[in-house]
Amino acid sequence: MELAAVLDSMTDGVFVCDETGRLIAINPVGLCIVGAKDLEEVQRKGPYPFRFLDVRDEEGHLIPVEDSPLARALAGDPVVHRLELIDRRSGERLVLRTRAAPIRGAAGEIVGAVKTVTDVTHEYELERAKEEFIRVAAHELKTPVTIIKANAQAALSMLADAPAGVLRLLEAMVRGADRIDRLIGSLLDLTDLQGGILSLFRRQVGLGQLLREVVEQMPTAAARRIRVVEATPVAIDGDARRLRQMTRSLLDNAVKYSSDKSSIEVSLTRTEYGIRLSVADHGIGIPDDKRERVFEKFFRAHAGRPDDVGGIGVGLFIAREIVKQHGGRIWFESAEGSGTTFYVDLPAAGETA
């Protein structure tokens, strides 16, 4: 009776099945979600509560019954967090955040599974509206920024003999326009990643040459601090623009969070598994309690601290996605107050000049 009272009072849907996958308990919120009046009605539809509904993942693909959270939990594979989309008979679409875990007996054997479901439809729709706003705003900003940069560059060409102070002002305008342009590009990339449409234009890319080009294109003061320790002539089958973007992001991060007088060491080497790029700084490091979130979008490890240097916190998130889409992995080592080293492992394609 106490368990039933707890289930009835929960605001999440709860589904419990036995070791055969037969549903043995469901609370009122769960019944409302699947559109049934009682447990018996759900049981008549089959062992899994969503079998008679179209259940899709975030990309809109149908989720097979064997990959459902309860089935995976019965196989000993807990589902910590997954979004599911269901179309109800009324035509209403629900977005659900799902968790599932096995229920074990006294000897550790799996005797059933429990699944909890939270209706996050409203939050999901707000997130999509926010992404669309960012996309539209970024596109609208791109044109005026391009005009400002083009005019500043034209003025630099026409006023080559102008006083040094005037030239510095125009150069600052070009640098500012470049910075805004990169920010707009990051926002557009972010919305593309959310929609799963960050396309890659693959060809063989020489990473040694690419690394040297990215360093040369850094602002002069930053480039002087960067020391390329090793740049092995290796190649990857990848998107040169995206790889430059990822490398630039790591270098920007190192520059921002280290002293103007400290060096940044970069190396590109072969490993047993392919190619490794490393970017090491001697800066402020990453706080221990912030390290798990470093690659989250909009997360800034030093926000609100005296050493916060600003930014919107998407560079490392996008860099990680670029690395993943190239079949690689990215990670870091950091000691607060001593610096951070980011590592990127990528599959090699062969030698290049």
Side-chain angles (χ1 to χ4, degrees), residues 134-192 198-201 203 205-228 231 238-266 268 277 279 281 283 300 307-319 322 342 353:
I134 291 173
R135 184 190 299 276
V136 172
H139 275 294
E140 290 297 317
L141 286 169
K142 202 165 184 65
T143 298
V145 169
T146 301
I147 293 172
I148 291 170
K149 179 179 177 180
N151 280 280
Q153 289 175 324
L156 275 171
S157 299
M158 292 186 295
L159 302 175
D161 298 327
V166 173
L167 296 178
R168 284 196 297 270
L169 287 173
L170 291 171
E171 288 167 354
M173 289 176 64
V174 173
R175 290 195 302 272
D178 279 337
R179 184 176 178 183
I180 296 173
D181 192 50
R182 288 197 302 272
L183 174 60
I184 291 170
S186 294
L187 290 173
L188 290 172
D189 286 342
L190 182 64
T191 56
D192 287 344
L198 188 65
S199 56
L200 299 181
F201 299 95
R203 61 180 177 84
V205 180
L207 288 186
Q209 180 62 29
L210 182 146
L211 174 59
R212 287 188 288 270
E213 290 173 356
V214 172
V215 172
E216 289 170 2
Q217 292 165 5
M218 297 285 289
T220 304
R224 286 174 180 165
R225 295 172 51 199
I226 300 171
R227 184 164 63 93
V228 180
D239 185 315
R241 184 174 73 88
R242 293 300 184 189
L243 291 168
R244 284 192 186 92
Q245 182 181 4
M246 177 272 295
T247 305
R248 174 67 186 249
S249 179
L250 296 181
L251 291 175
D252 279 341
N253 194 73
V255 169
K256 285 197 300 184
Y257 293 106
S258 59
S259 164
D260 292 342
K261 297 179 180 179
S262 66
S263 64
I264 296 165
E265 290 85 36
V266 183
L268 183 67
L277 169 69
V279 178
D281 66 61
R300 294 187 293 119
D307 45 29
D308 182 16
V309 294
I312 61 172
V314 299
L316 292 177
F317 170 79
I318 293 173
I322 292 172
F342 279 89

message: Is it true that Glu213 and Gln217 share a donor-acceptor pair across their side chains at a distance under 3.5 Å?
response: no

- request: Check whether any side-chain heavy atom of Val255 lies under 4.5 Å from a side-chain heavy atom of Arg225, and answer yes or no.
  value: yes

task: For Arg175, check salt bridge (charged side-chain N to carboxylate O under 4.0 Å, His left out) against everything at least two apart and list the hits.
output: none

- prompt: Does Ser262 reach the side chain of Asp281, with side-chain heavy atoms less than 4.5 Å apart?
  reply: no

query: Judged by atom type as modelled, is there a donor-acceptor pair below 3.5 Å linking the side chain of Arg244 to the main-chain atoms of Leu210?
result: no

query: Would you say the side chain of Leu316 lies within less than 4.5 Å of the side chain of Leu250, judging by non-hydrogen atoms?
result: yes

- request: Classify the side-chain pair Gln245/Arg248 by whether it contains a donor and acceptor separated by less than 3.5 Å.
  value: no

message: If we ignore hydrogens and angles and just use 3.5 Å, is the side chain of Arg242 paired with the main-chain N or O of Phe201 as donor and acceptor?
response: no

message: The test is side-chain contact (heavy atoms from CB on, under 4.5 Å); show your working for Asp252 and Met218 and say whether it passes.
response: CA-CA 9 Å; Asp252 279 341; Met218 297 285 289; 3.5 Å; yes

message: Could you walk me through whether Thr247 and Leu207 satisfy the side-chain contact (heavy atoms from CB on, under 4.5 Å) test, starting with their C-alpha distance in whole Å, then the side-chain angles of each, then the deciding distance to 0.1 Å, before giving a yes or no?
response: CA-CA 10 Å; Thr247 305; Leu207 288 186; over 6 Å; no

- prompt: Judged by modelled atom types alone, do Ser263 and Glu265 share a side-chain donor-acceptor pair under 3.5 Å?
  reply: yes

field: Asp181 and Lys142 ion-paired at < 4.0 Å
entry: yes

query: Do the non-hydrogen side-chain atoms of Asp178 and Arg182 ever get within less than 4.5 Å of each other?
result: yes

